[in-house]
Number of protein chains: 2
Amino acid sequence: MGRWTPGARGRLEQAALELFVEQGFAATTVPQITERAGLTTRTFFRHFADKREVFFDGDAIPQAARRLLEQAPADVDPLTLLRHGLRRVGVERFDGRREEVRRRREVILAEPALRERDAQKRDDLVGVLRPGLLARGVDPLGAALLAEAAVAVLHVALESWLAETAERSFGDVTDACFDRLFVPAAPV
Amino acid sequence: MGRWTPGARGRLEQAALELFVEQGFAATTVPQITERAGLTTRTFFRHFADKREVFFDGDAIPQAARRLLEQAPADVDPLTLLRHGLRRVGVERFDGRREEVRRRREVILAEPALRERDAQKRDDLVGVLRPGLLARGVDPLGAALLAEAAVAVLHVALESWLAETAERSFGDVTDACFDRLFVPAAPV
DNA sequence: CTCGTCGATGACACGTCGTGCCATCATCGC
DNA sequence: GCGATGATGGCACGACGTGTCATCGACGAG
């Protein structure tokens with residue numbers, strides 16, 4: 001596990017996750033991470049833009065969202081598409097490994113710097129959804145609002161799914177949140 | 001304008017804003033800001049937690065939102081309260097000084113670090129609205145969704161208000177966004 | 001088999017950020 | 001006057017993140 005051992009990026013992620021859980025994000029230095037991964041500090045910053053990025057999965061979710069928006073049939077109405085997209089992305093990434101997600105979430109919530117990055121990541125997703133909806137014929141104002149609302153649903157669904165005692169399908173939670181927000185006949 | 005000249009915080013904010021506009025956020029160092037303000041680097045970090053915070057108005061909006069939620073009559077339904085609260089906060093803070101807001105907004109959007117902090121600030125507002133709605137009898141899921149939706153409306157309204165050629169009342173924009181999101185009979 | 005290219009890594013220097021600690025100075029109450 | 005209080009200056013320090021060049025392994029051409 002030295003200089004040319006494959007999987008350097010994965011080793012860094014693993015080492016960082018362990019250290020963050022063990023001693024917290026702030027108390028962990030980049031040299032500590034790279035030492036455990038058998039690499040150097042400089043290499044860390046080649047794989048990740050900063051110390052926080054090692055904790056997030058890059059653009060995985062926005063990219064998946066972009067693919068969904070591009071590949072879906074043009075005649076699917078945006079609300080239905082968002083509803084299905086939320087279910088699918090959420091299920092693929094979260095379902096079945098709630099404990100792992102919960103551990104990561106706890107580290108994030110405990111560290112303001114990571115909460116900030118998390119908020120940025122959600123904003124990035126909005127930045128993908130908005131033009132995607134525009135391209136599907138939604139007017140600009142509606143696209144902006146729908147994109148933000150969809151990400152809000154995903155966020156609330158995630159926290160809600162993690163807070164429940166019994167584990168149910170993540171998709172069911174997103175559906176419930178989605179319907180709750182978009183059926184204002186009785187929103188309160 | 002030296003050591004005990006009053007308004008140190010304001011001078012720092014002013015100097016920082018000027019320098020950020022002149023040469024960008026990243027290219028501006030804290031010593032540059034403090035030199036222009038006639039103070040030292042150490043004092044800067046006593047007034048602001050970090051370099052980004054000098055650009056934002058602390059907890060002003062969340063605090064105003066908290067007051068509104070606490071002082072409003074208990075029989076006002078949450079949707080109406082949010083609608084009026086958005087109008088009021090937005091109007092008080094933004095109306096009539098669109099150019100100033102636009103300049104700040106451009107600096108923020110040009111700098112990823114500031115966009116991130118901006119997203120965090122919006123999340124802080126959600127963190128105030130959510131318990132406020134809970135205290136008013138909204139169920140937890142609805143409170144979380146409404147809080148996020150309200151902040152989304154404020155955000156979209158701000159960008160929309162800044163993008164328009166003719167300046168109209170900010171409150172009118174928030175109302176339009178609010179109705180657009182919460183009237184899904186024709187949301188698309 | 002040797003060589004040369006290419007990409008990933010190591011190594012070092014450097015500027016900036018942010019904090020802990022203590023000294024210093026002005027203001028206010030007595 | 002004089003002490004308490006609060007804001008500032010000054011300094012050292014660790015950590016973060018980047019620029020730059022050297023080094024090493026993999027791979028294909030000959």
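Each chain gets a letter, A, B and so on, in the order its sequence line appears, and its residues count up from 1. Keep in mind that the numbers below use all heavy atoms, side chains included, and drop hydrogens, waters and symmetry copies.
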Quantify the bending of the helix from C:dC1-D:dG30 to C:dC30-D:dG1 as the angle between its end axes, each fitted on five pairs, to 10°.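 The angle, to the nearest 10 degrees, is 10°.
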Mark up nucleotides 14-21 of chain D, 5' to 3', with B wherever a protein heavy atom is under 4.0 angstrom from a base atom, S wherever such an atom reaches only the sugar-phosphate, and - elsewhere. -SSBBBB-
Tell me whether [X] at atom [atom1] has more than 12 heavy atoms from other residues, nucleotides or ligands lying less than 6.0 Å away.
X        : atom1 : result
A:Arg98  : CZ    : yes
A:Arg130 : CZ    : no
B:Arg88  : CZ    : no

In whole angstroms, how far is the [atom2] atom of [N] from the [atom1] atom of [X]?
X        : N      : atom1 : atom2 : result
B:Arg117 : C:dC17 : CZ    : C1'   : 13 Å
B:Gln32  : C:dC17 : CD    : P     : 9 Å
B:Leu39  : C:dA26 : CG    : P     : 15 Å

Could you verify whether a donor N or O on one side chain and an acceptor N or O on the other, from A:Gln120 and A:Glu116, lie under 3.5 Å apart?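 Per modelled atom types, A:Gln120 and A:Glu116 side chains form no pair under 3.5 Å.
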Run through B:Arg115, B:Arg122, B:Lys121 and flag the one making a salt bridge (Lys or Arg N to Asp or Glu O under 4.0 Å) with B:Asp118. B:Arg122
Can you see whether B:Phe25 has B:Arg52 sitting over its ring - NZ or CZ less than 6.0 Å from the centre and within 45° of the normal? no
Could you check if a side-chain atom of B:Phe178 sits within less than 4.5 angstrom of a side-chain atom of B:Leu79, using non-hydrogen atoms only?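 B:Phe178 vs B:Leu79: side chains touch.
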Phosphate-side-chain proximity, B:Thr40 and D:dG9, N/O vs OP1/OP2 below 4.0 Å: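 Yes, because at least one side-chain N or O of B:Thr40 sits under 4.0 Å from OP1 or OP2 of D:dG9.
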Are B:His47 and D:dA7 close enough that a side-chain N or O sits under 4.0 Å from OP1 or OP2? no
Which heavy atom in B:Thr28 sits nearest to a heavy atom in B:Ile33, and how many Å separate them? CG2-CG1, 3.7 Å
